[in-house]
Each structure stands twice: as C-alpha cells, then as structure tokens.
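Please read the structure below before turning to the comments.
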Amino acid sequence: MPPVLLSPLAGITDLPYRNLVKSFGAGLVVSEMVASQEMVQERASVRARAELGFDVEGTSVQIAGRDAHWMAECAKICAGNGAKIIDINMGCPAKKVTQGYSGSALMKEPEFALTLIDAVVRAVDVPVTLKMRLGWDDESHNAPQIAAWAQGAGVKMVTIHGRTRQQFYKGHANWNAIRAVKDAVEIPVIANGDIVDATSARSALSQSGADGIMIGRGSYGKPWVLAQIASQIYGTKAPKIPTGQALIDMILNHYNAMLDFYGDELGNRVARKHLGWYMDDMNLSPEMRKRVLTQKDIHETRRLIADFPEHIQVAA
C-alpha cells in the first residue's frame with residue numbers, strides 16, 4: 001500500500017467519495033470525523049456519517065471527543081464492526097470542535113490528551129493512529145512531545161498538518177517543522193497540508209523527512225490524484241485518469257452514489273460542492289454552472305451533467 005493517504009474531511013470524505021478515491025488505487029482513506037459519544041448513543045446523523053465501509057480494506061475510522069469512556073466505547077464499536085484502523089482526531093481547528101475542547105484544543109492539554117489516547121489503544125486490538133497539528137499556536141509547537149508520548153502509549157502512526165490551530169488554513173504549511181516530530185519518534189510520520197501534486201509531495205517529503213503524505217483539499221475534483229501521485233513517487237500502477245465521456249460517467253456515478261447514500265434531497269445538496277469542483281476544471285459557462293448548483297430536480301441535474309461537454313467554453 002503506497003503511503004499516500006486521503007485526509008479525513010468533514011462533509012467531504014463520506015463513503016461515496018472514499019469509495020471513488022479507492023477505486024483509482026489510493027493507499028489509505030480516512031473517514032469523516034465521528035463524534036465518539038454521539039456514535040455510541042446512535043444519533044442518526046453520526047451513524048449515517050459512520051456508514052464507514054468498516055469492512056473495506058484500507059479504510060481508517062477517525063473518532064473525536066474528550067471523554068476517555070466514550071472514546072474507548074466508540075473505538076470498540078468501530079473495531080467490532082470491522083474497522084481496520086482507529087484514528088484519533090487532535091487536529092480539527094473548527095470552532096465548534098475546539099470550543100468543546102476536542103480536536104486541536106487537546107494540544108493545549110497534552111497530559112489529558114494522553115489519557116484519551118491510552119484509553120483508545122487499550123480498548124481495541126486494531127492499530128490506533130493519531131492526527132494533529134504542529135501545536136495550538138506558534139508559541140506551543142508541542143507535536144514532537146505529544147507524538148513521543150503517543151508512541152509510548154502504543155500509537156502506530158502520527159499524521160501532522162504543518163500548521164498550528166490558530167493558523168487554520170492560512171499561509172503555507174510548514175513542512176520543515178514536521179521534521180522535529182519525525183526526529184522524536186520511531187513510528188511512521190505522515191506529512192499533511194498543501195500537498196496537491198507530485199512536486200509538492202516531493203517537497204513535503206524532503207523537507208519533513210516524513211514516511212508518507214496525506215492529501216485533503218488537493219483531491220477536490222480530482223479523486224484520482226492520490227493514485228497519480230503514488231505512481232509518480234513510489235512507482236505504483238498509474239491510474240487511468242478519465243476524460244471525455246469516461247469523466248462524465250464517473251461524475252454521474254458519483255452523483256448517483258451520493259443520492260443512494262443520503263437520499264435524493266440531501267444527496268443533491270451534498271453533491272453540489274463536488275459538482276462545483278468538477279466544473280472548476282471544465283471551463284463551463286457561468287450560466288451552466290449556476291444551473292447545476294441551484295437545480296433541485298435530480299433528473300434534471302443528471303441531464304445537465306450528461307450535457308457538460310456541450311457547454312465547455314473554448315478559449316479565444
């Protein structure tokens with residue numbers, strides 16, 4: 001399995017998208033973040049998000065929370081249903097997560113965070129991994145210390161986004177700073193942030209000394225890009241990148257998979273962001289783009305997708 005991983009992205013890396021990315025030959029794909037307590041208590045929205053493809057090889061389930069009991073129980077449920085890897089979220093910068101003292105907010109309480117990590121590792125027999133940032137802010141780059149502690153607790157791999165929480169996604173990921181984490185542990189370290197192609201992937205690996213890379217936003221509209229980068233860097237089989245009618249068929253199949261997963265109304269809304277990313281590289285007319293992204297009738301949306309080639313604008 002090439003060390004080119006799909007990052008967990010809320011509202012993006014649902015089962016239809018992970019299946020699509022996997023179909024091109026990606027390494028590991030990671031689910032959307034699952035709130036541990038809600039997962040255990042079977043709240044519908046979380047369980048829907050957690051149609052996690054448990055038995056699909058190369059799938060990791062990411063859990064979040066700040067209560068050791070709920071996180072351990074959530075990990076048990078996921079592993080019991082066939083999850084191959086449990087990933088702990090300590091990197092999400094979203095305010096609704098950090099205000100609940102979860103996600104990257106845990107990096108402000110490393111000793112407490114370690115109790116959560118330890119509880120999850122002890123709860124399951126499958127490998128446990130950890131995803132975090134460089135630190136909470138520029139005054140507290142404590143990822144190396146946390147990574148070393150996590151390794152001691154039994155974590156098998158750490159992924160580092162090369163920004164602090166306070167940076168959110170501003171500026172550029174500091175891949176050089178990830179090297180301090182690599183120097184602090186013996187387990188694999190994965191570099192994340194601003195990796196979009198083979199060139200940026202090589203730079204991230206060189207600057208960080210990491211063992212692999214994780215790609216998130218760089219995959220938007222290009223579900224084949226992980227496999228493409230893996231082939232260019234690690235010599236794995238190159239994916240067949242769809243063009244023409246094959247691309248239209250892929251988009252239609254992805255759209256239909258989202259309708260099947262979410263139901264027609266919600267699926268159509270969720271699909272809009274993906275359709276927008278696909279259209280970004282098609283040079284479609286603004287009128288066509290607006291029609292697709294405001295259409296409520298799924299049958300009309302399918303017809304519009306099928307007609308994409310007729311609406312591509314030719315550069316003067």
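Annotation: side chain of Trp224 is not in contact with side chain of Lys240 (no heavy-atom distance under 4.5 Å). The shortest side-chain heavy-atom distance between Thr13 and Val30 does not fall under the 4.5 Å cut-off. Side-chain atoms of Pro309 and Ile248, non-hydrogen and from C-beta on, do get closer than 4.5 Å to each other. The shortest side-chain heavy-atom distance between Arg66 and Phe112 falls under the 4.5 Å cut-off. Residues Leu116 and Leu106 form a side-chain contact, since some pair of their non-hydrogen atoms from C-beta on lies under 4.5 Å apart. Counting only heavy atoms from C-beta outward, the side chains of Phe261 and Val270 never approach each other to under 4.5 Å.
Listed for the Ser203 side chain is a donor-acceptor partner under 3.5 Å among the backbone atoms of Thr199. Side-chain N or O atoms of Lys131 include none that pairs as donor or acceptor with a backbone N or O of Pro8 at under 3.5 Å. A donor-acceptor contact shorter than 3.5 Å links the side chain of Arg179 to the backbone of Gln207. Not one N or O on the side chain of Asn268 forms a donor-acceptor pair closer than 3.5 Å with the backbone of Asp264. The backbone N or O of Gln295 lies less than 3.5 Å from a partner atom in the side chain of Arg272, making a donor-acceptor pair. Between the side chain of Arg163 and the main chain of Gly171, a donor-acceptor pair closer than 3.5 Å is present. With Asn174 contributing its side chain and Thr164 its backbone, the two residues share no donor-acceptor pair below 3.5 Å. Side-chain atoms of Trp136 never come within 3.5 Å of backbone atoms of Glu109 as a donor-acceptor pair (strictly under, hydrogens ignored). Judged by distance alone, the side chain of Asp194 and the main-chain N or O of Ala173 form a donor-acceptor pair under 3.5 Å. Put simply, the side chain of Ser206 never gets that close to the backbone of Arg202: no donor and acceptor are under 3.5 Å apart.
When all heavy atoms of Gly267 and Leu259 are compared, the closest pair comes out as C-CD2, 3.8 Å. Taking every heavy atom of both residues into account, Ile178 and Ala191 meet most closely at CD1-CB, 3.9 Å. When all heavy atoms are compared, the tightest approach of Gln166 to Asp137 is CG-CB, 3.7 Å. Between Ala75 and Ile63, the shortest heavy-atom distance links the atoms CB-CD1, 4.1 Å. For Leu275 against Thr301, the heavy-atom pair with the smallest separation is CD1-CG2, 4.1 Å. Scanning all heavy atoms of the two residues, the minimum distance from Pro239 to Phe24 falls at CB-O, 3.7 Å.
Counting only N and O atoms by type, the side chains of Tyr220 and Asp280 include no donor and acceptor under 3.5 Å apart.
For the pairing with Ile195, the side chain to side chain contact (heavy atoms under 4.5 Å, CB included) check across Ile213, Leu226, Leu205 returns one residue only, Ile213.
Relative to the ring axis of Tyr169, Arg133 places its NZ or CZ within 45° and under 6.0 Å from the centre.
Note that CE of Met282 and CG of Leu247 are 4.0 Å apart. Values are rounded to the nearest 0.5 Å. Here the CH2 atom belonging to Trp149 is positioned 13.0 Å from the CG atom belonging to Asp118, to the nearest 0.5 angstrom. A distance of 7.0 Å separates CD1 in Ile86 from OG in Ser60, rounded to the nearest 0.5 Å. Distance check: Ser200 OG to Ile215 CD1 gives 7.0 Å after rounding to the nearest 0.5 Å. Summarising the geometry, atom CE belonging to Met132 is positioned 5.5 Å from atom CD1 belonging to Ile146; distances are rounded to the nearest 0.5 Å. Here Tyr255 contributes atom OH and Ile305 contributes atom CD1; the two are 6.0 Å apart, rounded to the nearest 0.5 Å.
Classified by interplanar angle (parallel below 30°, tilted 30° to 60°, perpendicular above 60°), the ring pair His274/Tyr278 is tilted.
Looking at Glu287 and Lys290, no side-chain N of the basic residue comes within less than 4.0 Å of a carboxylate O on the acidic one, giving no salt bridge.
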